[in-house]
Number of protein chains: 2
Amino acid sequence: MLSQKTRYAIRAMQHLADRHGQGPVQLAEIAAAQNIPVKFLTTILSELARYGMVGSKRGKVGGYWLAIPPVDITYGDLIRLMRGSLALVPCASRFAHEKCSHCLAEGDCRTRALMLQVRDQTAAILDGIRLSDPIELIPPFANDDDRPAAPKLHLGDE
Amino acid sequence: MLSQKTRYAIRAMQHLADRHGQGPVQLAEIAAAQNIPVKFLTTILSELARYGMVGSKRGKVGGYWLAIPPVDITYGDLIRLMRGSLALVPCASRFAHEKCSHCLAEGDCRTRALMLQVRDQTAAILDGIRLSDPIELIPPFANDDDRPAAPKLHLGDE
DNA sequence: CTGTAACTCAACCCGGATGGTAGACAATAG
DNA sequence: CTATTGTCTACCATCCGGGTTGAGTTACAG
């Protein structure tokens, strides 16, 4: 799962992308529009500023803006930045690779092989879509509509 | 990321799949072969037994075995079972759907639309591979080999 | 040159999840 | 009847996630 913070960061960046070229956007506007706790958003935007993703200016007409044109930022970049990796296990990450603890040798781990496939597909999607791209929205599921057939296995309670 | 527990569960199930049809496999064997802390593995296997995934027997020649033929268990099933969902955000889950807190309306959330694509691709991979399938192992990355070109964005330190 | 509306930063905080361990108990083979 | 192996509940320590506090800084307005 993406952390709440990562999700906030993505939405904030989308907001800034939408207003790109329009001068500084104030934190309060972003927070209100994106439904993000104001104080928390300050820490997120400051972090993004430290990373060089957004510019900022204080004072009366201050605010934030994208320091990089939205066409040069992919969603993959954003997630890597906030979360470190796109992969589902550390050993399947290509940029933030790390050995899993208590695992087999990497070359012998089937889980890793699988998760590497997943991470590469995920990257193919997320690195292919840029902050400037329009995104086709998807309506909420109307209860059991729209969903694939139930999986073979549906045991337990959760 | 998958939790450590989920990863252990997957490896344990792989182990049982490999020994399917050979009678009960003892916990100690699994723990040793898969490098999983013995005590922790007991809780995991018990849980899997409660879910009906594995059978168990106590006593001298006791042990665990798959209660379902490995050809009928996909990796997707396993992850759903242990983790609840394949998706990266709750609102993009198809079987364990849940509204994200502090978000936009689902129909207006670009992040959700994106993450739904990712989850569907992930599901396509993980629901297509069964515990009985051979998996082509992938050798460890030889430092910077084998990786895609560095992403456009490589800022900050981590 | 002062007031005030912004952003900045370090510090803290709380609750819940994660990753285990302890230990008493139950079944089963021999 | 005893050794072996699984079961179950409880507990625990640590970390991380999701924030908040509050004091500081910059910048524009007048």
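Chain A is the first sequence line, chain B the second, and so forth, proteins listed ahead of strands; every chain is numbered from 1.
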*Please list all pairs passing the ring-ring contact (aromatic ring centres under 6.0 Å, His included) test where one or both residues lie in residues 23-45 of chain A, with sequence neighbours left out.*
A:Tyr8-A:Phe40
*May I have the distance from B:Met1 (atom CE) to D:dC16 (atom C1'), rounded to whole angstrom?*
14 Å
*Taking CG from A:Leu45 and C1' from C:dC9, how many angstroms apart are they, rounded to a whole number?*
14 Å
*Any chance you could lay out the side chain to side chain donor-acceptor pair (under 3.5 Å) test for A:Thr6 and A:Ser3, step after step, and finish with the verdict?*
CA-CA 5 Å; A:Thr6 301; A:Ser3 69; 2.9 Å; yes
*With respect to the phosphate group of C:dC9, does any side-chain polar atom (N or O) of A:Arg50 fall under 4.0 Å of OP1 or OP2?*
yes
*asked:* Name the residue from A:Arg80, A:Arg130, A:Gln14 that meets the side chain to side chain donor-acceptor pair (under 3.5 Å) definition with A:Tyr75.
replied: A:Gln14
*In whole angstrom, give the distance that lies between atom CZ of B:Arg83 and atom P of C:dT18.*
10 Å
*Give the minimum heavy-atom separation between A:Val71 and A:Ser132, together with the two atoms involved.*
CA-OG, 3.2 Å
*asked:* Test of understanding: with side chain to side chain donor-acceptor pair (under 3.5 Å), list the residues that count as partners of B:Asp120, not counting sequence neighbours.
replied: B:Arg94
*From the options C:dT21, D:dT20, C:dT8, select the nucleotide whose nearest atom is closest to the side chain of A:Ser46.*
C:dT8
*Closest-nucleotide ordering on DNA chain D, the 5'-leading residue of B:Ser56 and A:Val38*: B:Ser56
*Starting at CD1 of A:Ile44 and ending at C1' of D:dT20, how long is that distance when rounded to a whole Å?*
13 Å
*Spell out yes or no: do the side chain of A:Lys39 and the base of D:dG18 have one donor N/O and one acceptor N/O closer than 3.5 Å?*
no
*How close do A:Gly55 and A:Ala67 get, heavy atom to heavy atom, and via which atoms?*
N-CB, 3.8 Å
_Residue met sooner reading DNA chain D from 5', once B:Thr43 and B:Ala28 are mapped to nucleotides_ = B:Ala28
*Name the closest nucleotide to the A:Thr42 side chain, picking from C:dG20, C:dT8, C:dA22.*
C:dT8
Give every pair of a protein N or O atom and an N or O atom of nucleotides 3-5 of chain D that lie under 3.5 Å apart, one pair per line with the distance.
unit_1 : atom_1 : unit_2  : atom_2 : d
D:dT5  : OP1    : B:Gln26 : OE1    : 3.2
D:dT5  : OP1    : B:Gln26 : NE2    : 3.4
D:dT5  : O4'    : B:Gly59 : O      : 3.0
D:dT5  : O2     : B:Gly59 : N      : 3.1

